[in-house]
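See below for the structure under consideration.
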Amino acid sequence: MLTTSQPLPNLRPATRADLPRILALLADEDRVTDPADAVVTEAYERAFAAIDADPRNELLVLTRATGDLADEGENQVEKQSESRSENQDRDAILGCLQATYIPGLGKGGAERVLLEAVRIRADVRGGGLGRTLMELAIERARVRGCALVQLTSNKRRTDAHRFYAGLGFVRSHDGFKLTLDS
């Protein structure tokens, strides 16, 4: 039986209820933003609904696992006696990313995954959760049959670039963006 003081991280598809916490993560990558301050606009609602309905898109969140590896019966009393703060920590979103699966004719017709909006909550960085988030997302893509994982990162995020290189990512292309007026 595996026992640990912290539940294991879990990567799962986001739900609508997660949206304020995801927006808080995306709002400021240098500090923790209170999800209660996140304004869930109609545009965010539409975007979430579109991502959620599209089998080629996933909005994924990293949380503390709610299940135990131990026998459920043995831990029932223990689970019932958990404090409210422990339950809130288990439900807390520690990180997120969006995975877009792209079919293509390159790589022998294999699918690739584009990872975007990769974030780990500022107050839990440095403990390996970013690596866990990426490893779980990469494994998810591998299981789906993807032949390539790609991502973009803002040129100013030099710490993130070192992190991605440490995971085996290589700089292979320059990206270009064109903002379209509404």
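Computation of the quantities below employed the complete heavy-atom set of this structure, encompassing side-chain atoms and omitting hydrogens, waters and symmetry-equivalent molecules.
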- Item | side-chain contact (heavy atoms from CB on, under 4.5 Å) assessment of V118 paired with L133 | CA-CA 9 Å; V118 178; L133 173 65; 4.0 Å; yes
For R121 and D123, run salt bridge (charged side-chain N to carboxylate O under 4.0 Å, His left out): C-alpha distance rounded to whole Å, both residues' side-chain angles, the deciding distance at 0.1 Å, then the answer. CA-CA 6 Å; R121 209 174 65 204; D123 64 331; 2.6 Å; yes
Problem set entry | D34 vs R21, salt bridge (charged side-chain N to carboxylate O under 4.0 Å, His left out): CA-CA, chis, key distance, verdict | CA-CA 8 Å; D34 186 348; R21 293 181 289 176; over 6 Å; no
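Residues passing the salt bridge (charged side-chain N to carboxylate O under 4.0 Å, His left out) test with D37, sequence neighbours excluded: none. The salt bridge (charged side-chain N to carboxylate O under 4.0 Å, His left out) search around R16 returns E45, not counting sequence neighbours.
Contact of the N57 side chain with the Q98 side chain is registered, since non-hydrogen atoms from C-beta on lie closer than 4.5 Å. A 4.5 Å side-chain heavy-atom check between R144 and E111 finds at least one atom pair inside the cut-off. Side-chain contact between D52 and L59 is absent, with no heavy-atom pair separated by less than 4.5 Å. Within the 4.5 Å cutoff, the side chain of I120 has no heavy atoms near those of the L94 side chain. In this structure, E116 and L151 have side chains that are not in contact, with every pair of non-hydrogen atoms separated by 4.5 Å or more. With contacts defined as side-chain heavy-atom distances shorter than 4.5 Å, the pair R140/Y101 qualifies.
R12 and N10 form no side-chain donor-acceptor contact under 3.5 Å, judged by distance and modelled atom types alone.
Each of I22, L62, T63 was evaluated against C96; a single residue qualifies, I22, per the side chain to side chain contact (heavy atoms under 4.5 Å, CB included) test.
V32 and L26 fall into different hydrophobic clusters, where Ile, Leu, Val, Met, Phe, Trp and Tyr residues are linked whenever their side-chain heavy atoms come under 4.5 Å apart, directly or through other members. Taken together through direct or relayed side-chain contacts under 4.5 Å among Ile, Leu, Val, Met, Phe, Trp and Tyr, F48 and L114 form parts of separate hydrophobic clusters. Hydrophobic clustering (side-chain heavy atoms under 4.5 Å, transitive across Ile, Leu, Val, Met, Phe, Trp, Tyr) groups L136 together with L167.
Residues A38 and L23 approach most closely at CB-CB, 4.1 Å, considering heavy atoms. Here the closest heavy-atom approach between residue A160 and residue S153 is recorded as CB-OG, 4.0 Å. The minimum heavy-atom distance between A17 and P20, with the atom names listed, is O-CD, 3.5 Å. Residues Y164 and M134 share a closest heavy-atom pair of CE2-CE, 4.1 Å.
Counting only distance, with no hydrogens or angles, the side chain of D18 and the backbone of T15 share a donor-acceptor pair below 3.5 Å. Side-chain atoms of R112 do not come within 3.5 Å of backbone N or O of C146 as any donor-acceptor pair. With hydrogens and angles disregarded, a donor-acceptor distance shorter than 3.5 Å links the side chain of H161 to the backbone of N154.
Rounding to the nearest 0.5 Å places CG of D54 at 8.0 Å from OG1 of T100. Atom NZ in K177 sits 8.0 Å away from atom OG1 in T179 (nearest 0.5 Å). Interatomic distance, L11 CG to L60 CG, rounded to the nearest 0.5 Å: 4.5 Å.
More than 12 heavy atoms of other residues, nucleotides or ligands shown are found within 6.0 angstrom of CZ on F169.
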